[in-house]
Each structure stands twice: as C-alpha cells, then as structure tokens.
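I have placed the structure first, in the form of structure tokens, so that the comments after it can refer back to it.
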Amino acid sequence: MAGAGVLWDLHRLCRVLLFLSQFYILSGGGSFSVEPSQPLAQSDKDPGPTRTFTVVPRAAESTDIPPYMMKCPSNGLCSRLPADCIECKTNFSCVYGKPVTFDCTVKPSVTCVDQDFKSRKSFVLNMTCRFCWQLPETDYECSSSTSCMAVSCPRQRYTANCTVRDHIHCLGNRTFPKMLYCNWTGGYKWSTALALSITLGGFGADRFYLGQWREGLGKLFSFGGLGIWTLLDVLLIGVGYVGPADGSLYI
C-alpha cells in the first residue's frame, strides 16, 4: 500500500508540473519573438533639404518667320512680289490710266532679284495709275451670295467684299465693297427643264423639276391646263422667263 501511495503522489506532482508549464507558456513567458530588440524607425524621417528647380523661359528667338513670308517667294523677281511683301511710296498725283513708277523696298526677311538675277532690296515698280476698285473684274475676287434672286425683273444686286489678287498692284485699299448682280446657280439645267416641259409638261414634270411644287400640282390635276398651260410653259422656259424656284440661274 505504501508503494501505491508513492506512485499516486508522483502522478499528482506530474500533473501539477504539466499545468504550471502550460500556464507559463500561455502567459507569454516562454514564447519566441522574431521582432528585433530595438524597433526600426518609421519612414517619416526628415528627408533633409530639398532642391527646387526654376524653369526660366527662353526669350523669343529672333528667327521667327513673319506671317507675310508665306506669300513671298524666295529669290523671285522683285516686280512680281505680292503687295504684302513690299512697301512703296505712293504718288496719288498720277494721272488715271497712265503708266507710273513707284519706289519700293522689300520687307525684312524678303529676298528678290532684278532682271539680271542680282539681289535687290530697293527697286522701281511700274504699274498703271488707278485705284483698286477701278481694276477689271479679272484682277480681284469677290464673295458670292445665294440669298438674292438671280432671276428677277429688275435684276437684283448684293454688296460683295472684293479682294485684289496678290500680284496685282493698285492704289488705295486692296479690299473694298462693290455692288454686283446676283449671278449664282443651284445646279438646274435649262436643257433638262425644256425637255421635261415638251414631253411631260402636261403632268407638271417641268415645274416639279424647277422646285415649283404648287404650279406642278396645278398642272397635274388640270391636265396641263387642258394643254394651254403646257404650251405656255414651253415658251416661257424656252426664253428663260421661268426659272428655278430658288431664284438661281440655269447652268
């Protein structure tokens, strides 16, 4: 019995020691730490003095191309330079329609030659004494208008803005207003309108082609006005009195 008591006491002692070891481990006393003994500093250290860079814009280069150079041919004849490329001393005392000479110089960056292919900065320009608005119609270009009636009596006019062509020289402003007759077309052909009037005029085909829908319906439902309206339209379209509804001219 004494040996059994000793074994029982050893069993209880082992259980107590096992309990104490588990408690010690759970309390953190026996855990291993992988962290360093001294924690590393965060990345919020002072980065030190910073360097700032200032971009200084460069001054405008003197080699910029003037806008008028787009019209000025290089090493061309001085007398053929456009008016935007030269500067002339104007003489308004010249006689209209008579030849006159002007002393001209080229603008900066413009190069030209004379008849002997020698480079010149100053030259004499020969022209006819007349203002720009007195030039022939072939020497200037004008804006067109599609809002006026080209077929009307009397003929309508509109105010156009005209600009002299580059190589034409004249006195005064190179852009000027001018009253012109309405002269535009909407794409209607006189031959087509006349052919439709002769063949299918009784059904109003000619009026429909010209964009005159009311007159076309009137001819269609009246069988061409019993033939009378058809004959009249053949004559009116033939002489050009009846034209497109938009007021434009025939092609």
Side-chain angles (χ1 to χ4, degrees), residues 67-73 80-85 96-97 127-251:
Y68 56 81
M69 287 297 296
M70 300 299 295
K71 296 182 178 180
C72 306
R80 296 293 298 170
L81 285 176
D84 294 338
C85 306
Y96 171 73
M127 57 177 289
T128 302
C129 180
R130 56 189 171 185
F131 286 94
C132 294
W133 59 269
Q134 296 173 323
L135 291 172
E137 295 182 358
T138 55
D139 291 343
Y140 54 83
E141 297 178 349
C142 298
S143 60
S144 60
S145 174
T146 58
S147 60
C148 59
M149 297 290 292
V151 180
S152 62
C153 187
R155 292 185 62 185
Q156 292 186 2
R157 296 184 178 217
Y158 71 98
T159 303
N161 292 323
C162 302
T163 303
V164 180
R165 300 183 186 274
D166 290 338
H167 300 286
I168 303 299
H169 300 280
C170 54
L171 302 178
N173 295 327
R174 298 183 62 83
T175 300
F176 54 91
K178 193 169 186 178
M179 295 295 295
L180 299 178
Y181 285 107
C182 293
N183 186 22
W184 65 282
T185 178
Y188 297 95
K189 293 183 178 180
W190 172 82
S191 58
T192 303
L194 182 60
L196 291 174
S197 182
I198 295 174
T199 57
L200 300 174
F203 301 98
D206 50 353
R207 294 283 183 164
F208 285 127
Y209 171 73
L210 296 175
Q212 302 176 7
W213 298 97
R214 296 180 180 178
E215 292 82 353
L217 291 174
K219 292 183 69 175
L220 177 62
F221 291 110
S222 65
F223 301 102
L226 300 178
I228 299 176
W229 194 351
T230 302
L231 294 176
L232 288 176
D233 273 355
V234 172
L235 295 176
L236 295 176
I237 293 177
V239 299
Y241 184 79
V242 174
D246 56 6
S248 63
L249 297 175
Y250 287 115
I251 296 179

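The first residue in the sequence is number 1, and the count goes up from there. Values below: every heavy atom of this structure, side chains too, minus hydrogens, waters and symmetry copies. Not measured: the values here are computed from a predicted model.
- For Thr159, the side chain to side chain contact (heavy atoms under 4.5 Å, CB included) partners are Pro177, Met179, not counting sequence neighbours.
- Two residues are said to be in side-chain contact when any heavy atoms from C-beta on lie closer than 4.5 Å; Tyr158 and Leu180 meet this criterion.
- Of all heavy-atom pairs spanning Ser248 and Pro244, the tightest one is O-CD, 3.4 Å.
- Residues that satisfy the side chain to side chain contact (heavy atoms under 4.5 Å, CB included) test with Phe208, not counting sequence neighbours, are Trp213, Leu217.
- Side-chain atoms of Phe176 and Val164, non-hydrogen and from C-beta on, do get closer than 4.5 Å to each other.
- Checked against side chain to side chain contact (heavy atoms under 4.5 Å, CB included), Thr230 has the following partners two or more places apart in sequence or in another chain: Lys219.
- Interatomic distance, OG1 of Thr175 versus CG of Asn161, reported as 8.0 Å (0.5 Å rounding).
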For residues 135-142, please give each side-chain donor-acceptor pair under 3.5 Å, one per line with the distance, not counting sequence neighbours.
residue	atom	partner	partner atom	Å
Tyr140	OH	Lys178	NZ	2.4
Glu141	OE2	Arg165	NH1	2.7

Exercise. Going through the distances and angles, do Val242 and Gln212 end up as a side-chain contact (heavy atoms from CB on, under 4.5 Å)?
Worked result: CA-CA 10 Å; Val242 174; Gln212 302 176 7; 3.9 Å; yes
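- Nearest heavy-atom pair across Gly211 and Ala245 is O-CB, 3.6 Å.
- Here the NZ atom belonging to Lys71 is positioned 8.0 Å from the SG atom belonging to Cys85, to the nearest 0.5 angstrom.
- Sorted pairs that involve residues 214-237 and meet ring pair (Phe, Tyr, Trp, His ring centres under 6.0 Å), not counting sequence neighbours, are lacking altogether.
- Contact of the Cys170 side chain with the Thr128 side chain is not registered, since no non-hydrogen atoms from C-beta on lie closer than 4.5 Å.
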Donor-acceptor contacts under 3.5 Å from residues 186-197 side chains, at least two apart:
residue	atom	partner	partner atom	Å
Trp190	NE1	Ile237	O	2.7
Ser197	OG	Asp206	OD2	3.1
Ser197	OG	Val234	N	3.4

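- For the atom pair SG (Cys72) and CG (Asp166), the distance works out to 9.5 Å, reported to the nearest 0.5 Å.
- A pairwise comparison of heavy atoms in Gly218 and Ser222 identifies O-OG, 2.5 Å as the closest pair.
- In this structure, OG1 in Thr163 is found 13.5 Å from CD1 in Ile168, a value given to the nearest 0.5 Å.
- Distance check: Arg174 CZ to Cys162 SG gives 13.0 Å after rounding to the nearest 0.5 Å.
- Taken to the nearest 0.5 Å, the CE atom of Met127 stands 5.0 Å off from the CG atom of Leu171.
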